[in-house]
Amino acid sequence: QGQLVESGGGLVQPGGSLRLSCVVSGFTLDYFAIGWFREVPGKEREGVSCISSSDGYTDYADSVKGRFTNSRDSAKNTVYLQMDDLKPEDTAVYYCATKRSLGHCTYNTVDYYGHYWGQGTQVTVSS
């Protein structure tokens, strides 16, 4: 049974940085898409980024492009989301999810429903 565990969230001031980790266990990340999503109370969960495990292809939502960077460590079966220049509007619970994919990844939330999700990690950006 696959399992995803996020970590690395916390409280940071505007302009600061955090690196989230998503450790995958139970299967190896061969030909998988890994998406990062965030959710705030009262709003729908939104996709922010994704990475393809096969070739490292990445994609980002406009709201985070240039500030967030996705990377993977295949040996550790881990994906990272480096978040720089954080803004108060980045405050949310962040989730990673994964699904098998032979093509480029997407960060559309509905594409990952019914697949593996982590439990989430809180990111708070506040002065």
Side-chain angles (χ1 to χ4, degrees):
Q1 191 76 2
Q3 185 179 16
L4 280 66
V5 177
E6 302 100 333
S7 62
L11 173 64
V12 64
Q13 292 186 343
S17 298
L18 285 173
R19 189 178 78 158
L20 305 184
S21 300
C22 175
V23 180
V24 180
S25 61
F27 54 90
T28 56
L29 288 174
D30 297 326
Y31 301 103
F32 275 82
I34 302 92
W36 286 96
F37 307 86
R38 63 187 182 188
E39 185 174 354
V40 297
K43 293 187 178 182
E44 290 188 358
R45 188 172 297 186
E46 66 167 340
V48 297
S49 181
C50 70
I51 184 168
S52 297
S53 65
S54 56
D55 60 3
Y57 170 86
T58 57
D59 201 6
Y60 301 91
D62 288 342
S63 58
V64 306
K65 197 170 293 183
R67 301 188 296 122
F68 289 13
T69 304
N70 228 329
S71 63
R72 74 198 194 285
D73 185 332
S74 299
K76 295 182 179 180
N77 232 32
T78 301
V79 173
Y80 304 98
L81 185 67
Q82 177 68 40
M83 306 187 296
D84 298 318
D85 190 23
L86 283 162
K87 304 176 180 181
E89 52 263 41
D90 294 319
T91 296
V93 177
Y94 282 73
Y95 301 87
C96 61
T98 188
K99 68 182 185 74
R100 185 168 292 277
S101 174
L102 297 179
H104 283 168
C105 65
T106 73
Y107 52 84
N108 295 320
T109 309
V110 295
D111 291 344
Y112 292 79
Y113 285 160
H115 297 276
Y116 295 104
W117 287 80
Q119 82 290 349
T121 184
Q122 176 70 47
V123 171
T124 303
V125 184
S126 175
S127 55

More than 12 heavy atoms from other groups under 6.0 Å of CD on E44: no

Atom OH of Y31: over 12 foreign heavy atoms under 6.0 Å: no

Euclidean distance, S21 OG relative to L4 CG, rounded to 0.5 Å: 12.0 Å

Atom pair CH2 (W36) and CD1 (I51), whose distance is rounded to the nearest 0.5 Å: 10.5 Å

Side-chain touch T91/Q122, heavy atoms, less than 4.5 angstrom: yes

Side chains of N77 and S25 in contact at under 4.5 Å (non-hydrogen atoms): no

Shortest non-hydrogen contact between [X] and [Y], atoms and distance:
| X | Y | value |
| --- | --- | --- |
| V123 | G9 | CG2-CA, 4.1 Å |
| R38 | S63 | NH2-OG, 3.5 Å |
| L18 | G8 | CD2-O, 3.8 Å |

Of all pairs that satisfy disulfide bond (SG atoms under 2.5 Å apart), the ones with a partner from residues 32-95, not counting sequence neighbours: C50-C105

Set of residues satisfying side-chain contact (heavy atoms from CB on, under 4.5 Å) with respect to V40, sequence neighbours excluded: K43, A92

Please list, one pair per line, the donor and acceptor atoms closer than 3.5 Å that link side chains of residues 96-104 to other protein atoms, with sequence neighbours excluded.
from: T98; atom 1: OG1; to: A33; atom 2: O; distance (Å): 3.0
from: S101; atom 1: OG; to: G103; atom 2: N; distance (Å): 3.4
from: S101; atom 1: OG; to: G103; atom 2: O; distance (Å): 3.3

Expected list for residues 79-88: side-chain donor-acceptor pairs under 3.5 angstrom, two or more places apart:
from: Q82; atom 1: NE2; to: D84; atom 2: OD1; distance (Å): 2.9
from: D84; atom 1: OD1; to: S17; atom 2: OG; distance (Å): 2.7

Hydrophobic cluster of Y113, others only, ordered by chain and residue number, side-chain cut-off 4.5 Å: F37, V93, Y95, V110, Y112, W117

Y116-Y107 co-clustered via ILVMFWY side chain contacts under 4.5 Å: no

Y94 with V12, same ILVMFWY side-chain cluster at under 4.5 Å: yes

Pair listing, salt bridge (Lys or Arg N to Asp or Glu O under 4.0 Å) test, anchored in residues 65-75, at least two apart: D62-K65, R67-D90

Residue pair N70 / T58, side-chain donor-acceptor N/O under 3.5 Å: no

Any donor-acceptor N/O pair, Q119 side chain to V5 backbone, under 3.5 Å: no

